[in-house]
Amino acid sequence: MKTISYYNSPIGKILLASDEQGLVGLWLDTDRYYGDILAKNYSEGENEYLVSAKKWLDIYFQGKEPTFTPQLHFTGTDFQKRVWQALLKIPYGTTITYKKIAVQVAKDKEHLPIRATGGAVGRNHICIIVPCHRVVGVNHNLTGYAAGIDKKIKLLRLEGVDISQFKNHINH
């Protein structure tokens with residue numbers, strides 16, 4: 001059974017979810033896949049995984065790099081899990097392209113799964129902690145963030161990324 005809790009962040013309300021093995025979800029209230037993996041039988045409360053995730057978020061939203069990762073429990077295909085593991089390796093305050101992630105996770109280096117990688121990045125259930133906001137287009141555009149490009153920009157700025165380097169940063 002999953003347990004849910006909420007966190008009020010500087011960029012909006014966050015829904016957190018865990019099961020008996022770890023954190024399974026973290027969604028901003030504007031996420032197009034908000035709570036998509038939650039079944040009808042869940043309870044609201046706290047547990048060690050949710051408390052750890054909230055501690056991580058407290059540090060992160062103070063503009064600091066957390067020195068730990070909460071216990072995560074990925075639910076998805078093997079390919080999605082490989083992509084999400086690759087996302088965890090993106091250093092704080094940096095960005096990487098979808099293509100570079102595809103190269104990291106591809107089993108066949110002749111046929112890069114760039115579209116599939118983009119799909120897996122977009123279906124990341126544990127945003128922010130699994131930093132899909134750090135993935136950008138190969139042409140240096142800020143693309144694809146399920147919670148909205150404005151949230152992606154705020155997260156990157158919080159980490160000290162120079163947004164002016166991106167072609168489509170205007171008006172954010």
Side-chain angles (χ1 to χ4, degrees), residues 2-31 33-35 37-38 44-76 78-105 117 120-136 142 144-166 169 172:
K2 292 188 174 66
T3 303
I4 67 162
S5 187
Y6 296 93
Y7 180 89
N8 290 315
S9 83
I11 62 169
K13 193 171 185 178
I14 292 174
L15 169 63
L16 298 132
S18 72
D19 63 12
E20 300 78 21
Q21 297 178 52
L23 189 69
V24 296
L26 189 159
W27 302 272
L28 290 159
D29 58 3
T30 55
D31 195 309
Y33 303 113
Y34 186 83
I37 61 168
L38 293 177
E44 192 167 339
E46 295 292 337
N47 61 36
E48 63 183 301
Y49 306 123
L50 298 172
V51 168
S52 177
K54 288 179 178 183
K55 184 183 288 186
W56 190 98
L57 290 168
D58 285 343
I59 295 165
Y60 181 82
F61 283 116
Q62 290 172 20
K64 300 174 186 168
E65 180 180 4
T67 58
F68 68 97
T69 301
Q71 178 67 41
L72 306 176
H73 180 212
F74 292 130
T75 55
D78 288 342
F79 179 78
Q80 287 173 325
K81 290 175 186 178
R82 285 200 322 268
V83 170
W84 300 334
Q85 286 293 338
L87 295 178
L88 283 170
K89 296 174 184 162
I90 305 169
Y92 179 92
T94 65
T95 59
I96 190 170
T97 64
Y98 289 93
K99 184 177 181 179
K100 286 185 180 176
I101 294 287
V103 167
Q104 290 176 17
V105 301
T117 299
V121 170
R123 292 308 297 235
N124 170 24
H125 304 297
I126 308 174
C127 77
I128 306 174
I129 293 174
V130 179
C132 52
H133 62 278
R134 296 180 189 151
V135 184
V136 299
L142 294 171
Y145 194 60
I149 293 295
D150 61 320
K151 298 287 175 39
K152 181 174 192 157
I153 289 171
K154 287 177 182 177
L155 293 169
L156 291 172
R157 280 190 173 137
L158 178 70
E159 294 183 21
V161 174
D162 178 10
I163 299 302
S164 68
Q165 68 181 304
F166 299 104
H169 74 281
H172 292 286

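Hydrogens, waters and symmetry mates play no part in the numbers below; they use all other heavy atoms, side chains included. What you are looking at is a predicted structure, and each value in this text was computed from that prediction instead of being measured.
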remark   = Heavy atoms of I129 and P70 approach each other most closely as CD1-CG, 3.9 Å

Within-4.5 Å side-chain heavy-atom neighbours: K54 and E46 = yes

inquiry  = For the backbone of K81 and the side chain of D78, can you confirm whether one donor and one acceptor N or O come within less than 3.5 Å of each other?
reply    = no

Taking every non-hydrogen atom, the tightest pair across I90 and P131 = CD1-O, 4.1 Å

key: Nearest non-hydrogen partners of L16 and A53, listed with the distance   = CD2-CB, 3.8 Å

query = Taking all atoms of both residues into account, what is the closest heavy-atom pair of Q71 and Q21, and its distance?
reply = CG-O, 3.2 Å

ask   = Minimum heavy-atom separation for K151 to A147, with atom names?
value = CG-O, 3.5 Å

note = Which of T97, T95, L87, V83 passes side chain to side chain contact (heavy atoms under 4.5 Å, CB included) with V135? Answer is L87

For V24, the option from I37, I4, T3 that meets side chain to side chain contact (heavy atoms under 4.5 Å, CB included) = I37

request  = Assess whether side chain to side chain contact (heavy atoms under 4.5 Å, CB included) is satisfied between C132 and W84, documenting all intermediate values.
outcome  = CA-CA 8 Å; C132 52; W84 300 334; over 6 Å; no

ask   = Excluding sequence neighbours, so at least two apart, what forms side chain to side chain contact (heavy atoms under 4.5 Å, CB included) with K13?
value = Y6, N8, D29

ask   = So do the side chains of F74 and Q80 get within less than 4.5 Å of each other, counting heavy atoms only?
value = no

key: Pairwise side-chain contact, L26 with H125, heavy-atom cut-off 4.5 Å (strictly under)   = no

ask   = If we ignore angles and hydrogens, is there a donor and acceptor under 3.5 Å between the side chains of Y7 and D58?
value = yes

request  = Might you work through the side chain to side chain contact (heavy atoms under 4.5 Å, CB included) test for L156 and I163, ending with a clear yes or no?
outcome  = CA-CA 7 Å; L156 291 172; I163 299 302; 3.7 Å; yes

OG-CD1 distance between S9 and I14, expressed to the nearest 0.5 angstrom = 4.0 Å

query = Would you say W56's side chain and F68's backbone share a donor-acceptor pair under 3.5 angstrom?
reply = yes

Full working for side chain to side chain contact (heavy atoms under 4.5 Å, CB included) between H73 and Y49 = CA-CA 10 Å; H73 180 212; Y49 306 123; over 6 Å; no

key: Distance in Å, T117 OG1 paired with K99 NZ, rounded so as to fall on 0.5 Å steps   = 12.0 Å

All side chain to side chain contact (heavy atoms under 4.5 Å, CB included) counterparts of P91, not counting sequence neighbours = T94

message = We want to know whether S18 and K2 form a side-chain donor-acceptor pair, criterion being a heavy-atom distance below 3.5 angstrom.
response = no

inquiry  = Are the side chains of L28 and Y145 in contact, using a 4.5 Å heavy-atom criterion?
reply    = yes

inquiry  = Is there a side-chain contact between V161 and R157 in this structure, where contact means two heavy atoms from C-beta onward sitting under 4.5 Å apart?
reply    = no

remark   = The side chain to side chain donor-acceptor pair (under 3.5 Å) partners of R134 (sequence neighbours excluded) come to E159

request  = Find the distance between CG (L158) and NE2 (H133) and round it off to the nearest 0.5 Å.
outcome  = 8.0 Å

inquiry  = Please give me the minimum heavy-atom distance between L15 and Y34, naming the atom from each residue.
reply    = CB-OH, 3.5 Å

ask   = Could you go step by step and tell me if W27 and I126 meet the side chain to side chain contact (heavy atoms under 4.5 Å, CB included) rule?
value = CA-CA 7 Å; W27 302 272; I126 308 174; over 6 Å; no

